K.L.:
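Here it is, the structure in full.
All ligand and atom numbering here is 1-based and tracks the order in the structure. What you see is a predicted model; the values in this text were computed from it and never measured.
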Amino acid sequence: MLIVMKVDATDEDVKGVERVITELGYRPHIMPGAARTAIGITGNSGPVDITPFETLPGVAEAIRVTKPYKLVTVDLRPEKTVINVGGDATIGGDELAIIAGPCAVESREQIFAVAEAVKRSGARFFRGGAFKPRTSPYAFQGLGEEGLKILAEAREQFGLRIVTEAIDEASADLVEKYADVMQIGARNMQNFSLLKRAGRARIPVLLKRGLSAMLDEWLLAAEYVMAEGNYNVILCERGVRTFAQHTRNTLDLAAVPAVRRISHLPVVVDPSHGTGKNYMVTPLARAGVAVGADGLIIEVHNHPERALSDGAQSLTLEQYEHLVPEVRAIHDVIAPALVG
Ligand code: PEP
Ligand code: MN
């Protein structure tokens, strides 16, 4: 159930509704909006009785939710969510969010070389994995906490916000300590205990689409995070498994407008994992912005040929520098069409 408050409802009115929801043993989720506040209800095992809410001061209507998700939907929040990552760094706002950096943190020298170029490009976010979910147990697994410390140093030096992956609850504790955005990778999209942990994090969560996840499964994964009280979720389309052999994954750009129709959450596109091939990253990045993505995640390396992971899809610093003004120009052209 979803309670929509009147336009002139007071804070006291909202608190009153919150109190009744809590007394009934459910959990209220307050979503202030531009025009009105909505309150989502979770924790109910069956239908919620509308009666106690109908007569409460400030309530405009109580709506039964028929979709499988409650908190991710535009029914709860008609306007887009803008995620504030501190300072001027936002995802989902007017500015195209560019999150760039290597696949993995390999050394301080590597991170500083790439971060310098990312900063110079005007991007506000830096990526790099310290915990790497690798297909082979013998492949480079990441530097762990040491890697996070290097990322935190780069944040100090360049003023970039750090986006990095947590692969389990222990690494989530560390990511929360050192970084600004917690990435949940494709392989963990349905790791429900990790999703719940991310939902208790004090930092935003970037949730990648699973390797074979349908839209509903992906949105329900976001719902897991939000149901725990963390409403700052960014969805990331990074390609799915198909029969295609010309790419590592098939980047499903139709997912961007499809999500937009259902959800208020920002969506970013990852053309690096979405293609797996250096020469395809720039064209698919342009396309991702053209379909209305709120941002891009781009893998960049100062020496892609020596990268310890995902070198084949990493842009050189020079390629990256060419890409940024192009995608910003595309974003500027279509931005007026994306409002609302
Ligand atoms: C990554 O961002 O480096 C990564 C492992 O991504 P994904 O989970 O999309 O494979
Ligand atoms: Mn990678």
Side-chain angles (χ1 to χ4, degrees), residues 91 97-106 110-111 114 118 123 125-137 139-144 147-148 151 161-168 171-172 175 179-191 194-195 198 204-213 217-218 221-222 225 233-242 247-253 255-256 267-278 280-281 284-285 288 293 295-316 320:
I91 303 179
I98 297 180
I99 305 165
C103 179
V105 180
E106 299 169 6
Q110 170 231 22
I111 290 303
V114 181
V118 170
F125 300 90
F126 188 74
R127 62 149 290 147
F131 299 94
K132 296 304 301 176
R134 303 303 300 278
T135 302
S136 163
F140 177 58
Q141 303 284 308
L143 297 181
L148 294 178
L151 289 171
R161 309 286 146 181
I162 304 298
V163 180
T164 193
E165 181 164 355
I167 54 171
D168 51 25
S171 56
V175 166
D180 301 294
V181 176
M182 182 184 295
Q183 176 172 320
I184 301 294
R187 287 154 196 81
N188 275 317
M189 191 206 80
Q190 286 190 315
N191 179 340
L194 183 58
L195 294 174
V205 172
L206 187 144
L207 178 64
K208 289 202 161 192
R209 181 178 178 185
L211 275 71
S212 62
E217 293 167 327
W218 187 20
V225 178
V233 180
I234 304 133
L235 298 166
C236 174
E237 164 58 39
R238 48 77 74 203
V240 290
R241 279 278 164 84
T242 68
T247 49
R248 178 180 181 184
N249 292 295
T250 296
L251 189 63
D252 176 15
L253 291 179
V256 176
V267 192
V268 302
V269 164
D270 174 350
S272 305
H273 296 87
T275 63
K277 294 191 163 41
N278 172 288
M280 290 184 180
V281 172
L284 272 293
L296 294 171
I297 302 192
I298 309 283
E299 286 189 342
V300 192
H301 201 290
N302 52 336
H303 295 292
E305 71 290 353
R306 282 191 239 150
L308 297 181
S309 65
D310 288 350
Q313 68 195 31
S314 298
L315 294 188
T316 62
Y320 169 73

K.L.:
So does Glu165 pair up with Arg127, basic N to acidic O under 4.0 Å?
P.N.:
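The answer is no: the pair does not qualify as a salt bridge.
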K.L.:
Tell me which protein heavy atom sits closest to atom 5 (C) of ligand 1, plus the residue, atom name and distance to 0.1 Å.
P.N.:
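The protein heavy atom lying closest is Glu165 OE1, 3.7 Å.
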K.L.:
Could you point out which residue of Val240, Asp270, Val269 forms a side chain to side chain contact (heavy atoms under 4.5 Å, CB included) with Leu251?
P.N.:
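Running side chain to side chain contact (heavy atoms under 4.5 Å, CB included) over Val240, Asp270, Val269 with Leu251 returns exactly one hit, Val269.
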K.L.:
Dump the intermediate steps for side chain to side chain donor-acceptor pair (under 3.5 Å) on His303 and Gln110, then the final yes or no.
P.N.:
CA-CA 8 Å; His303 295 292; Gln110 170 231 22; over 6 Å; no
K.L.:
Before moving on, can you tell me the angle at the Mn ion (ligand 2) between the NE2 atom of His273 and the OE2 atom of Glu299, to the nearest 10 degrees?
P.N.:
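The two atoms form an angle at the metal of about 90°.
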K.L.:
Contact between Ser272 and Ile297 at the side-chain level, heavy atoms closer than 4.5 Å - yes or no?
P.N.:
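Sidechains of Ile297 and Ser272: no contact.
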K.L.:
So which of Ile167, Val163, Asn188 actually passes side chain to side chain contact (heavy atoms under 4.5 Å, CB included) with Gln183?
P.N.:
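In the set Ile167, Val163, Asn188, the residue that makes a side chain to side chain contact (heavy atoms under 4.5 Å, CB included) with Gln183 is Val163.
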K.L.:
Does Glu299 have a heavy atom less than 4.0 Å from any atom of ligand 1?
P.N.:
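It does; at least one heavy atom falls under 4.0 Å.
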K.L.:
Taking both backbone and side-chain atoms of Ala186, is any N or O found less than 3.5 Å from an N or O belonging to ligand 1?
P.N.:
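Yes, Ala186 has an N/O under 3.5 Å of an N/O on ligand 1.
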K.L.:
Short list, please: which atoms of ligand 1 are under 4.0 Å from a heavy atom of Lys208?
P.N.:
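Taking each heavy atom of Lys208 in turn, ligand 1 has 1 (C), 2 (O), 4 (C), 6 (O), 7 (P), 8 (O), 9 (O) under 4.0 Å.
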K.L.:
Quickly, which of Met280, Lys277, Arg248 forms a side chain to side chain contact (heavy atoms under 4.5 Å, CB included) with Gln313? Name it, please.
P.N.:
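Output: one option passes, namely Arg248.
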K.L.:
Work out the angle at the Mn ion (ligand 2) between SG of Cys103 and OD2 of Asp310, rounded to 10°.
P.N.:
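Value returned, to the nearest 10°, is 90°.
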K.L.:
Would you mind listing which atoms of ligand 1 come within a distance below 4.0 Å of any non-hydrogen atom of Gly185?
P.N.:
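Result: 8 (O).
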K.L.:
With atom 9 (O) of ligand 1 as the reference point, say which of Arg238, His273, Gln183 has the nearest heavy atom.
P.N.:
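Heavy atom nearest to atom 9 (O) of ligand 1 belongs to Arg238.
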K.L.:
Mark up the atoms of ligand 1 that fall under 4.0 Å of a heavy atom belonging to Cys103, in ascending order.
P.N.:
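By the 4.0 Å cutoff, the relevant atoms are 3 (O).
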K.L.:
The test is side chain to side chain donor-acceptor pair (under 3.5 Å); show your working for Asp310 and His273 and say whether it passes.
P.N.:
CA-CA 8 Å; Asp310 288 350; His273 296 87; 3.0 Å; yes
